[in-house]
Structures are given as structure tokens and as C-alpha cells.
Amino acid sequence: AKRGCFDLSMIVVPLPVDSLMDSMDLCWSLLREEGTLVVDMLDEGKAGAIFFDFCKARGLRHRVLKTRYGTGIAGR
């Protein structure tokens, strides 16, 4: 898929730290400027900290929903 062709990207499975970082980078690179990234399972291991660091490093607005496993939503 080419850069900027998706409006929404979701990561909904628990991943090891390196895989989660790589997956968020890939998903973000494929989103349109107004796109939204959703990451589930933030309460598992270091996923929440990785999500927050990812958003902070890119200056993204983000919110975490208190779902069963924690769900993060990020956008510009």
C-alpha cells in the first residue's frame, strides 16, 4: 500500500515491544494526514508507555479509553 491511503489503522492484538513499535510506525506511515491510529491492549506489559512515547515523539493528539484492556486513539 502507498503512503497516505488509509483513514483508519488498528492494532488489536498484543505484540512484543519491538513488533508494536514497528507496527505503529508502519500503520502511521500509511495513514492520510487526517488519519487515526487505534491501538488496543495498552494495559498489557509496556504497550501503554510505548503508545505514549510514540505520540509524544510525533506531536500527536491522543486519548486512552478505559476499555477492558485499554485502547489508545491518536491523530494529528
Novice: Taking the side chain as every heavy atom from C-beta outward, state whether Leu15 and Asp22 have any atom pair closer than 4.5 Å.
Specialist: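 They are not in contact (no side-chain heavy atoms under 4.5 Å apart), so the answer is no.
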Novice: Which atom names give the shortest non-hydrogen contact between Leu42 and Gly72, and what distance separates them?
Specialist: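 So the minimum-distance heavy-atom pair works out to CD1-N, 3.3 Å.
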Novice: Salt bridge or not between Arg58 and Asp25? Use side-chain N to carboxylate O under 4.0 Å.
Specialist: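 Asp25 and Arg58: salt-bridged.
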Novice: Can you tell if the side chain of Leu60 reaches within under 4.5 Å of the side chain of Arg76, non-hydrogen atoms only?
Specialist: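 Contact flag for Leu60/Arg76 side chains = yes.
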Novice: Rounded to the nearest 0.5 Å, how far does CG of Asp18 lie from OG of Ser23?
Specialist: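 So the OG of Ser23 and the CG of Asp18 are separated by 10.5 Å.
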Novice: Hydrophobic cluster membership, with links at side-chain heavy-atom distances under 4.5 Å among I/L/V/M/F/W/Y: are Val13 and Met24 in one?
Specialist: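 Same cluster.
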Novice: Kindly compute the distance separating OG1 (Thr71) from CG (Asp43), expressed to the nearest 0.5 Å.
Specialist: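 Going from OG1 on Thr71 over to CG on Asp43, the span is 8.5 Å.
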Novice: Please determine whether residues Val64 and Met41 belong to a single hydrophobic cluster, defined as Ile, Leu, Val, Met, Phe, Trp and Tyr linked transitively by side-chain heavy-atom distances below 4.5 Å.
Specialist: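 No.
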Novice: Looking at CG of Leu20 and CD of Glu44, how far apart are the two atoms once the value is rounded to the nearest 0.5 Å?
Specialist: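 Between atom CG of Leu20 and atom CD of Glu44 there are 11.5 Å.
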Novice: Rounded to the nearest 0.5 Å, what separates atom CG in Leu31 from atom CG in Leu8?
Specialist: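 With rounding to 0.5 Å, CG (Leu31) is 7.5 Å from CG (Leu8).
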Novice: Quick one: CZ on Phe6 to OG1 on Thr36, what's the gap to the nearest 0.5 Å?
Specialist: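 Answer for the CZ-OG1 pair, Phe6 versus Thr36, is 14.0 Å.
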Novice: Output yes when a side-chain donor or acceptor of Arg32 lies under 3.5 Å from a complementary backbone atom of Gly4, and no otherwise.
Specialist: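 It does not hold such a pair.
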Novice: Is there a side-chain contact between Val39 and Phe54, using heavy atoms and a 4.5 Å cut-off?
Specialist: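 The answer is no, as the side chains (C-beta and beyond) never meet within the 4.5 Å cut-off.
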Novice: Side chains of Ser9 and Leu30, heavy atoms from C-beta outward: is any pair under 4.5 Å?
Specialist: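 No, every pair of side-chain atoms sits at 4.5 Å or beyond.
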Novice: Please check if Val17 and Leu26 belong to a single hydrophobic cluster, counting links between Ile, Leu, Val, Met, Phe, Trp and Tyr side chain heavy atoms closer than 4.5 Å.
Specialist: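 Both belong to a single hydrophobic cluster.
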Novice: Return the minimal non-hydrogen interatomic distance between Gly70 and Asp40, and the atom names on each side.
Specialist: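 Distance-wise, the nearest heavy atoms are O-OD1, 3.2 Å.
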